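Below are the structure tokens for one structure; questions will follow.
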Amino acid sequence: GRAVRRLGIQGRSAPRTRMSVRRCTRCERLYSDGEDGQCRYHPGQHYRLGWTCCRDPSFSAPGCRFGSHVEDLNMTRALDEVLASAQPVCPPAAPLDSA
């Protein structure tokens, strides 16, 4: 009540913003909004003999191409929904003694 008025805090919630973390559909890694890092990915498919793009036989081989991240919009929406419905984890503040 009084503390909220004294600090000038409005009684409405802050506007919801999109997540600052995204997931790339190419490399499947998480990246942040301001990150200029490049995506390393395989544009081909992996079959028994290896990747169709570079012929590397290992499924876990690092990508053979570099490019910009491509945002997984469905994952971003799902993360935004989780964030919007999340409850604060912090315990309630202890009352101040009026000594």
Side-chain angles (χ1 to χ4, degrees):
R2 285 184 282 157
V4 170
R5 282 191 299 266
R6 184 170 26 112
L7 294 173
I9 300 172
Q10 299 284 328
R12 48 198 156 103
S13 61
R16 292 202 171 112
T17 58
R18 295 182 69 198
M19 294 282 295
S20 62
V21 175
R22 312 271 189 250
R23 182 178 172 269
C24 178
T25 59
R26 288 181 176 170
C27 66
E28 298 183 0
R29 292 182 180 223
L30 297 177
Y31 66 99
S32 61
D33 283 341
E35 183 180 322
D36 289 333
Q38 288 204 339
C39 172
R40 187 170 183 175
Y41 65 99
H42 288 285
Q45 299 291 319
H46 190 272
Y47 294 107
R48 287 183 307 181
L49 298 177
W51 288 98
T52 58
C53 48
C54 63
R55 302 290 183 225
D56 192 315
S58 174
F59 181 77
S60 60
C64 61
R65 300 286 195 292
F66 292 90
S68 299
H69 288 298
V70 176
E71 180 181 1
D72 182 343
L73 295 174
N74 290 330
M75 181 61 77
T76 298
R77 281 189 212 104
L79 291 170
D80 283 343
E81 288 176 15
V82 168
L83 180 65
S85 65
Q87 297 296 318
V89 179
C90 299
L96 298 174
D97 292 334
S98 57

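These values consider heavy atoms only, across backbone and side chains, with no hydrogens, waters or symmetry-generated copies. This structure is a prediction, so every number in the text was calculated from the model and none was measured.
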Does any part of the side chain of His69, heavy atoms only, come nearer than 4.5 Å to the side chain of Cys39, both counted from C-beta?
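A side-chain contact exists here, since the closest heavy-atom pair is under 4.5 Å.
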Minimum heavy-atom separation for Tyr41 to Phe66, with atom names?
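Heavy atoms of Tyr41 and Phe66 come nearest at CE2-C, 4.0 Å.
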With distance as the sole test, does His42 use its side chain to make a donor-acceptor pair with the main-chain N or O of Ala61 at under 3.5 Å?
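Side chain of His42 to backbone of Ala61: a pair is present.
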Indicate yes or no: at least one non-hydrogen side-chain atom of Tyr31 is less than 4.5 angstrom from one of Glu71.
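Yes. Closest side-chain heavy atoms under 4.5 Å.
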Is the backbone of Ser68 close enough, under 3.5 Å, to the side chain of Arg26 for a donor and an acceptor to pair up by distance?
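A pair under 3.5 Å: yes.
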With rounding to the nearest 0.5 Å, note down the distance linking SG in Cys27 to CD in Gln38.
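Between Cys27 SG and Gln38 CD, I get 11.0 Å after rounding to 0.5 Å.
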Using modelled atom types and a 3.5 Å cut-off, is there a donor and acceptor pairing between side-chain atoms of Thr76 and backbone atoms of Arg22?
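Not at all, since once roles are kept as given, no pair shorter than 3.5 Å links the two residues.
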Which of parallel (below 30°), tilted (30 to 60°) and perpendicular (above 60°) describes His46 and Phe59?
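His46 vs Phe59 ring planes: perpendicular.
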Test item: Trp51 side-chain N/O and Pro43 main-chain N/O as donor-acceptor pair under 3.5 Å:
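Not at all, since once roles are kept as given, no pair shorter than 3.5 Å links the two residues.
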